[in-house]
Amino acid sequence: MERSQMYRQLANVRKALFDQGFLDEQFVQLEELQDDANPNFVEEIVTLFYRDSIRLIQNIELALEKSPLDFTKLDSCMHQFKGSTTSIGAKKVKNECTQFREYCKAGNGEGCKRTYQQLKKEYAVLKKKLEAYFQLARQIGPVDGACRPK
Amino acid sequence: MNFGVQGEKSMSMPSSSASWKCGDGVSDHFPVGLRVLVVDDDPTCLMILEKMLRNCLYEVTKCNRAEIALSLLRENKNGFDIVISDVHMPDMDGFKLLEHVGLEMDLPVIMMSADDSKSVVMKGVTHGACDYLIKPVRIEALRNIWQHVVRKRKHEWKDLEQSGSIEDGDREQKPSEDADFSSSANEGSWRNSKRRKDEEDQAEERDDSSTLKKPRVVWSVELHQQFVAAVNQLGIDKAVPKKILELMNVPGLTRENVASHLQKYRLYLRRLSGVSQHPGGLNNSFMGPPETPFGSISSLNGLDLQAFAAAGQLPAQSLATLEAAALGRSTTKSGISMPFMDQRNLFSFENPKLRFRDSQQPQLGNNNKQMNLLHGIPTNMEPKQLANLHQSAQSSFRGMNMQPNSNPHGSQSSSLLMQMSQPPSRPQMFNDINRNHLSRLPSSIAQPTLPSGMGSGVLARHGMVENARGAIYNSASQASTMVDFSINQNTDLPGNGFQLANNAGGQMPTVTSKGLLQEEVNSEMKGSRGFAHSYDIFSELQQHKSQDWGLPNVGLTFDASQHSNMRSGLDVPPSVLVQQGFSSNQSNVQNRSTPFGKAIFLAAEESGCGNGLNIGQQLDTLLAGNSLRVKAESLPEASCQNTLFHEQYSQEDLMSALLKQQEGVGPASNEFGFDGYALDNLPV
């Protein structure tokens, strides 16, 4: 059936996200929170994350443009951003954050900048993947995905 | 305790705390309905936490700003059972929030952070967090948070039980209730904790159901005052609950109550000393003999204040008001309204204390000496003056700080001042201290020999307080509220000024505090945040100081511009405040503001560097509670203030003002006798 095929497809996509390291256990926690009262909880959270993290990313970017670099501030900005990414289970992005903070501690400006570019990439890639995933999920069941995320 | 127990259990115990223990035992629904307040600046985390907590069937309130959380908590004293807060937040450090909550509301607080480094976790422990969760938080971790609530309650009950003097009625009930508890979800732990408690206390004592009914002991301002006095008397090192209890002689208070309170107190002190660079100085300093080299002011502030309060007769209300004000809670303009002061405002002064941490001056010593600290300064300030001083709690703080700085001269003064600034039960303390000190202050001021110059400062302060008060009244803002409090109190604990500063949200407090701060800051610029504000105000005063103590001048002096170098975190331009006060010249307090400002400056000047910081700290602490965040990070250059001060307000002026006050503390509007700067022997 179409629907069951879609379900399967959805499951595969989801599995790939985990297998490829884009998502981790925390994402599962979010999924577990989803229920009838909040049928699109995960999507809402992810949307909220991407919306809110824009400013955090901007903060980091601005801080990286300063010269000389203020590693304390960079670290603090990154700490905030990292907290967010961790909460949605964005594994790869989180790893980049960790790396970034290491460079901050070491005072390695170049390392920070490099890592930041990497981070932005991962951040964008994950966003696309999740968008596709949620779109698929919504297609599958109007019942399930009745509420559109804001 | 308003546990939110769902329902059906008939609450046989009328009092809140008994909610769980109703006759049929703890509600089986517990912890369903546990009222949680979760604070996190990250909206994603916040939303996730909220959902998780809801899934645990808790009643969740989420908040993304610590200040909002605090006001929520303050408004609903019993509206929450537990607080969960993130460590890193932009508007307020999570640990600070933790302390506030612990002191004011005595609720269990759980800290959270993605940071799992040992040092941060340790910080949580030392600040009194009952748990520390590492992010990302899993729902399983949240399911068990109710245990902290239970644990805390149990401790409270235990304390109550111990007293044994309370109704002996339903002793039997208790055991049965305990049994009920046991049967509830946490049975094992309940029993164990109960056992433990039993062993600790005299076994027979427990039992009375009254304790169950009884809500935890509320450490009111007076009570805390007494406590601090007792502790000071015994010496912090020797202060054991039993002796403290004896000294306090409060019927119905149990050794356990005292013990747990003491523990908190010690924690606070430790924190203060930890922060201040004076290891152990704090604790000892204010408890110890006056000679103690200015122990950390912070400790002194809070503790001394208490001591002072105890020593003096600060009306609880005043202190409470002050505290309330300081904590940004000035409730009513009118009078002493101690919004939350009554409750566990026990360590509310901690904020100030914390602030002072940085500039802990070893001058704590002499806390116990009340007014006489001002070496040989015959304080003839009348109570009224004291009351005025009360207003400028800030100034008092300054006094405190100042003293430490000027310690070399006489720890006494400093201790005196310091004590004043410590407002454990702020309003009260202030009042009491003020009285005592005030009387002495005048003399001290007048004496050039004031050891630490504080004397003058102190006096000045007091005088200022009055003025400040007046000014405060005038200012419509919250500040005025604060002032009102102080005025009403008639205890003018200098420390009160402290509160003013805090509360200020309004301007007044800042004004005074500013003034204070500035002076002090100059010297040390340690970053007494709150102070900066006050300093600003004062500096302005200085600048404009027209010898004429009349209001009009005073008001003008607060020229915000003056503070250009000062960091006045306060938004309220001193000038605004002052002016208000001055506008009416008639009213009592307006005049005061001038003197107040002066006093503050004086004090600041006198104290030299260190003091500024202390005060700043104090104010800071006070302010911390408030939304009014006086950010006195960078104290203005000392030089500028000092200069200004000297030039503008001669000490004589201040002194005269103060003396004047002494003479006629009457209700007259110009108590300070602006009319005549008769102070001729004001030590400069």
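Lettering follows sequence order; numbering is per chain, from 1. Please read these numbers as outputs of a predicted model, since none were measured by experiment.
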**Request:** Ignoring hydrogens and angles, state whether a donor on the side chain of Q80(A) or D41(B) is under 3.5 Å from an acceptor on the partner side chain.
**Result:** yes
**Fill in**
All heavy atoms of L33(A) vs all of M52(B), minimum pair found to be CD1-CG, 3.5 Å
**Complete:** So CD1 of I48(B) and CG of L30(A): to nearest 0.5 Å the spacing works out to 4.5 Å
**Any pair counted as ring-ring contact (aromatic ring centres under 6.0 Å, His included), so long as it reaches residues 29-67 of chain A, sequence neighbours left out** = Y50(A)-Y123(A)
**Asked** Looking only at heavy atoms, what is the nearest atom pair of S87(A) and P136(B), with distance?
**Response** CA-CB, 4.4 Å
**With C77(A) via side chain to side chain contact (heavy atoms under 4.5 Å, CB included) - residues at least two apart** = N59(A), I60(A), K73(A)
**Request:** Flag the pair K135(B) / K82(A) as yes when at least one side-chain heavy-atom distance between them is below 4.5 Å, and no otherwise.
**Result:** no
**Message:** Go through it in stages, so that I can follow the logic: the residues are D35(A) and R54(B), the test is salt bridge (charged side-chain N to carboxylate O under 4.0 Å, His left out), and I'd like the CA-CA distance, side-chain angles, deciding distance and then a yes or no.
**Reply:** CA-CA 12 Å; D35(A) 53 20; R54(B) 288 248 162 83; over 6 Å; no
**Prompt:** For the candidates A114(B), P43(B), C45(B), which exhibits the highest count of non-hydrogen atom pairs separated by less than 4.5 Å from chain A?
**Reply:** P43(B)
**Message:** We want to know whether D42(B) and S84(A) form a side-chain donor-acceptor pair, criterion being a heavy-atom distance below 3.5 angstrom.
**Reply:** yes
**Prompt:** Where on L48(A) is there a heavy atom nearer than 4.5 Å to chain B: the side chain, the backbone, both, or neither?
**Reply:** both
**Prompt:** Could you go step by step and tell me if S113(B) and H79(A) meet the side-chain contact (heavy atoms from CB on, under 4.5 Å) rule?
**Reply:** CA-CA 10 Å; S113(B) 180; H79(A) 176 85; 4.1 Å; yes
**Prompt:** Given a strict heavy-atom distance threshold of 4.5 Å, which part of R101(A) is in contact with chain B: side chain, backbone, both, or neither?
**Reply:** neither
**Message:** Is D115(B) in contact with chain A via its backbone, its side chain, both, or neither, using a 4.5 Å heavy-atom distance?
**Reply:** both
**Asked** Is any side-chain heavy atom of R138(B) less than 4.5 Å from a side-chain heavy atom of E25(A)?
**Response** yes
**Message:** A quick test of your reading: do over 12 heavy atoms of other residues, nucleotides or ligands sit less than 6.0 Å from NZ of K105(A)?
**Reply:** yes
